[in-house]
Amino acid sequence: MIDLLLFLVFWIILSILGEIGVSVWGPHFYYYTASTQALEGLNASLFLFRVLTPIFVFVVLMIIFVPTRFKAKRDGSIIPGKRARTNRAYVGIWITVSIVINLLFFLHPTTSAAEEQFNQLQPAANTHDLIVDVTARQWEWRFGYPQYGVNAAVDPAGNDVLYLPVGKKVEFVLRSYDFNHPYDMGLDVIHGFWIPAFGEKEDVIPGETRYEVITPNVITSTEVNPMVRVQCSEVCGPGHPVMYAAVHVVSMKDFLQWVHAQHKAGN
Amino acid sequence: MATAVSTSPEYPVKRPMPPVIRGLLWAAIGFLVVNVFISYVIDPLKGNPFITQPSVVLGWTAGLIGWLLGVGGWEEIILPAFGIMNKRPVTATGWRQYFGLSLHHKVVGIQYLVSSTGGFFIAGLAAMLMRLELMSPHMWLFPDPGQYLMTVGIHGTIMMFSVGTVALVGGMGNFLIPQMIGSNSSAFPKISSISVWLVPAGILTVAFSPLLGQWTTGWRGYEPLAQNDANGILFYYLGVFALTTSSLLVSLNLTATILFKRAKGLTWNRLPMFAWGMLVVSLLNIIWLPEIQMTFVMALLDRLVPFPFFTAVGSPLTYLEIFWLFGHPEVYIIVLPALTIWMEIIPVMVRKPLFAREWGVIGVIFVMMLSGFVWAHHMFTNITLQEELPFSFFTEMISIPTGFAYMVVIGTMWRSNFKLTVPSLLVLMSMFNFLIGGLTGVFNADPVVDLQLHDTFWVVGHFHFTIIGGMVFTWLAAMYYWLPKFSGRTYNSKLGVLGAIWVFVGFDGAFSLMFLVGMEGMNRWVPIYPPYLQPLNIAISIFAFILGAGFLFNLLHIWWAMRSGKKVEQNPWKSKSLEWMATSASLDDNFKEEPLVVASFYEYDDDKPAAIIPQQEVAASLS
Amino acid sequence: MELSRSQQKVSTRPPVERELETRKAFGAFVIFLFSMSVPYFVMINVRYIMVAGFVPSTVDQTTGVIETILMVLSGLTALAASRALKGNNAKLYRTNGILTMILGGLATLMLIWEWWFHPFDPMSHYGETFLTTIGLCVFMHLVGLGVLMAANMRMKRVGITEANALGYRLNNVFWMFIVVTWVAMWLQLYFI
Ligand code: HEM
Ligand SMILES: [Cu+2]
Ligand SMILES: [Cu+2]
């Protein structure tokens, strides 16, 4: 009994300390976020951290508690109490708790977040979104703004670049084909469209058109934080590591100005 | 399809050549003849180039057959199958037994362990090179990114198919299972005797794949990228084919052994936990290995013919789908034996009956069954939302039966007489590391979060925690625990503890930092990365080198202990399991008489033996 | 399948135990066959993913029917050979074995023929699952013929003993397995 009490006390104290740790450090889990979707992911993971902390503490404490407290005193067998071979209460609690926690995780955050994503992808909700055509090829990203007549946005140095207005929902249309070899349209590989600060990535698959919805919520850019960059996340050949592009999240006004400049440059 | 007749010693001892040398020779001949035939006679280009895709594939196949026949398959399998008995060489003795076909399950187990260890250090060397490269954000060690990616692929492929899938099954399984169930041999000793020779062939094929050109796909060999790669990818398919065939054959043998070769009284209720582990793993292998082999054959045809199965004009995602259909069961193939080894070692070390044993069994069986329903969690970034939910559900659910392993072990340890030894320390470390692997997996199971984590170093950290943390640490624990079975000697405790702490520090340091670097925006498969990630990468690399040296240290220590460690009695741990009643450190029959099992092996609350061996002093084996 | 040790023991054991050992070995062989059926399932699966129920118009139904008839007949002769073992009739076993090889060999030749002349378009996403499945069958048929051949020559050289009877039987069971898989593949490739 005393063992159990001691263990429980340790467990509770350490779990509380752990939860405090989660509160302090948890919000920095994603390092840097620049979209509402990243915040959703962060919140979901914070929830997971909260629930998992006592479990983690329980097992780790056991791993340390047992060898220190129940050190072998003599060599040979012991005759333990009656319940040594099984213990209904312990097994019952363990199984119930693990089922409940997993069902909980499935309801929240898994399903609740999925519902949110469903809503964001609803065509009706997307009528006024900014549409960005994202095309991946080996090894380059290209960004087009069909609503603004920009085919391939580039910066003055001629590099592909992604500009987004802050606070506006963006629908990325993801396709993979080689735009430099239109006769060879079919042939490219899978790439991964990832902007780390936006907290989401989607694969870009040849022969398929896929969508990703993001709402940037901070004015920022690759120069401000390198996590704001487009990075190919699915291996696509030797050029994979260098398949990135700069990103700028700017105010609507600056965005329109930038579009104007792109027009002037004939992109 | 051989039916052997007993060897008569009268046949003249005529050994033309050591089997391995002859195997190499026959392999070379097979390769050259077929390659020349294809590229000079059939190919309209008449040998220019000398090596073409079809010629190398068929040549390799002929070479592999030559190798298998040369190491002894010719006399042991082919000739008897045709009814020709008299060419069989006399069974080798002494160290020679380890360099040829052997029908002894212990020899085969050791051959598997040695090959696996070789694979581990070859692939480990590749890992060290990768970590060296990653100390700088620019290319400096490798000439170009493709070389680096190929190294990643070789590392992953050899680790998965020659270590993860092999060490505990082909190695420990072959070595231990017959002893554990009271038999003198496996059910089909010839199968394992030949299958073990596929492992070195497979490892070398993958390791030498750069000879045919760069491949950049990583261990998944994934399409459509594989179509763009140079011919090195062919050796990936072929090498993996050899390695998976080996595991498949072992699994058939182990299943039959466990089902049909148990001693009297060894009922299902008394079956050792490790045997349960081997049984479920073998069933997974029997189902999923032929599946991935067929997939690889199709991928190979995609290139050779070419067919458009998995290219952009075919169905590019189908490859990944059928790959992961195998790939997820594969990770349980790696870890389930480890979980059951915990349940073998802990009751002995804590002198308490295995707690809630039936739940441990239920756990591994349910993991086995659910493992076929979770594969698309590797593809959250390329499937639709509707498809995500069921896979997310099953992935979250599979943690329940996996957790039973913890429930059983913790229940066993609670209020016990815990003896901290090198094996039990390593089991505790393994439990800690696999816990981290499992809990980080919960984040991956949740699609919103996984969309951020997928394909970053977070995932690299996660799966190394499950594989190294779960399987490699347990492999070490098993080596130390069963060391007396190999050589009748034991390790040095101080060096063992040092080795355990050494790999623990190196491992946890390196791979826990990988979680952070992944969250900070480092994706996988990149030898070039933004400079802000460099400090963490340097730290990871330093820990990784510590880890690499730690593995080497443990290898040397185990090697030393086997040769000149302290001699110990037959049953140094005072275990009740059958394998400790069998002969140790010799290749005699395990049991002179078939043992009779009379109780569960895990009842440490009394001193009664769990099995009786007729005409043998039972007391001697227990005390 | 290798059965040497258990088999050697068998011959010294009473019939009941021998029967048991035989059943066990047979059980293990069934597990092996199960494993060997997985590639066929993969091909069925891939076919459905890629082309659903598409049957190429160039597929010649007559050839398919003849192949299947030959295969089924060879399955029957294999069964007869298996039966011959019970009566320790080595000669009958071999005659039936040779018949099986002739029938099965003819069917395999027709398969190869069909495979070779099937129109092939490296860009078509329809024809090639047909080709691959037939290729898989051809490969397995060749292995099966090799196994039959080995059994036949072994019978000629060694004859039936108590210890090796099961080996002969399993060789034929393997051929019957191939017949069954062919019939299944024929149904799915030519009709469904
Ligand atoms: C010796 C210590 C080890 C170190 C330092 C290490 C390090 C690494 C690194 C740096 C990567 C590349 C990650 C990337 O860029 O995507 C990697 C990948 C991988 N490792 Fe290890 N590893 C070790 C041991 C193992 C073991 C024991 C296994 C399995 C038994 C394993 C399996 C894999 C696999 C499957 C991959 C993925 C390869 C791919 O992306 O295709 N590693 N490892
Ligand atoms: Cu890429
Ligand atoms: Cu998985």
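Chain A is the first sequence line, chain B the second, and so forth, proteins listed ahead of strands; every chain is numbered from 1. Bear in mind the structure is a predicted one, so any value in this text is a computation, not a measurement.
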Can you tell me which portion of B:Leu354 sits under 4.5 Å from chain A's heavy atoms? Options are side chain, backbone, both or neither.
backbone

Look up atom CZ in A:Phe7 and atom CZ in B:Arg415, then write down how far apart they are to the nearest 0.5 Å.
14.0 Å

For the pair A:Lys201 and B:Asp455, find out whether any cationic side-chain nitrogen is under 4.0 Å from an anionic carboxylate oxygen.
no

Heavy-atom cut-off 4.5 Å, strictly under: side chain, backbone, both or neither for B:Trp458 against chain A?
side chain

Aromatic centroids of B:Trp414 and A:Tyr90 separated by under 6.0 Å
no

Between CD of A:Glu208 and OG of B:Ser315, what distance do you get to the nearest 0.5 Å?
8.0 Å

Heavy-atom proximity to chain B below 4.5 Å, by part of A:Leu4:
both

Heavy-atom pair of closest approach, residues B:Val449 and A:Gly41:
CG2-O, 3.9 Å

Checking B:Tyr406 against chain A: side chain, backbone, both or neither under 4.5 Å from a heavy atom?
both

When the 4.5 angstrom heavy-atom criterion is applied to A:Tyr211 and chain B, the contacting part is neither

Part of B:Leu420 within contact of chain A (heavy atom distance under 4.5 Å)
side chain

If we ignore angles and hydrogens, is there a donor and acceptor under 3.5 Å between the side chains of A:Trp194 and B:Gln452?
yes

At a 4.5 Å cut-off on heavy atoms, which part of A:Gln231 comes close to chain B: side chain, backbone, both, or neither?
side chain

To the nearest 0.5 Å, what is the distance between CG on B:Leu225 and CD on A:Glu234?
8.5 Å

Rounded to the nearest 0.5 Å, what separates atom CZ in A:Arg210 from atom OG1 in B:Thr381?
7.0 Å

Under 4.5 Å from any heavy atom of chain B, what part of A:Gln37 do you find: side chain, backbone, both or neither?
neither

With ring centroids as reference points, do B:Phe418 and A:Phe70 lie under 6.0 angstrom apart?
no

Name the region of B:Gln214, side chain, backbone, both or neither, that has any atom closer than 4.5 Å to a heavy atom of chain A.
side chain

So do the side chains of A:Tyr32 and B:Glu520 get within less than 4.5 Å of each other, counting heavy atoms only?
no

Which portion of B:Pro530 sits near chain A, non-hydrogen atoms under 4.5 angstrom
side chain

Toward chain B, the part of A:Val91 with a non-hydrogen atom under 4.5 Å
both

Contacting moiety of B:Ile383, where chain A heavy atoms sit under 4.5 Å
backbone

Of the backbone (N, CA, C, O) and the side chain (C-beta and beyond), which part of A:Leu103 lies under 4.5 Å from a heavy atom of chain B, both, or neither?
both

A:Gln138 versus B:Asn228, side-chain donor and acceptor atoms under 3.5 Å:
yes

Counting only heavy atoms closer than 4.5 Å, note whether B:Ile410 contacts chain A via side chain, backbone, both or neither.
both

Toward chain A, the part of B:Thr217 with a non-hydrogen atom under 4.5 Å:
backbone

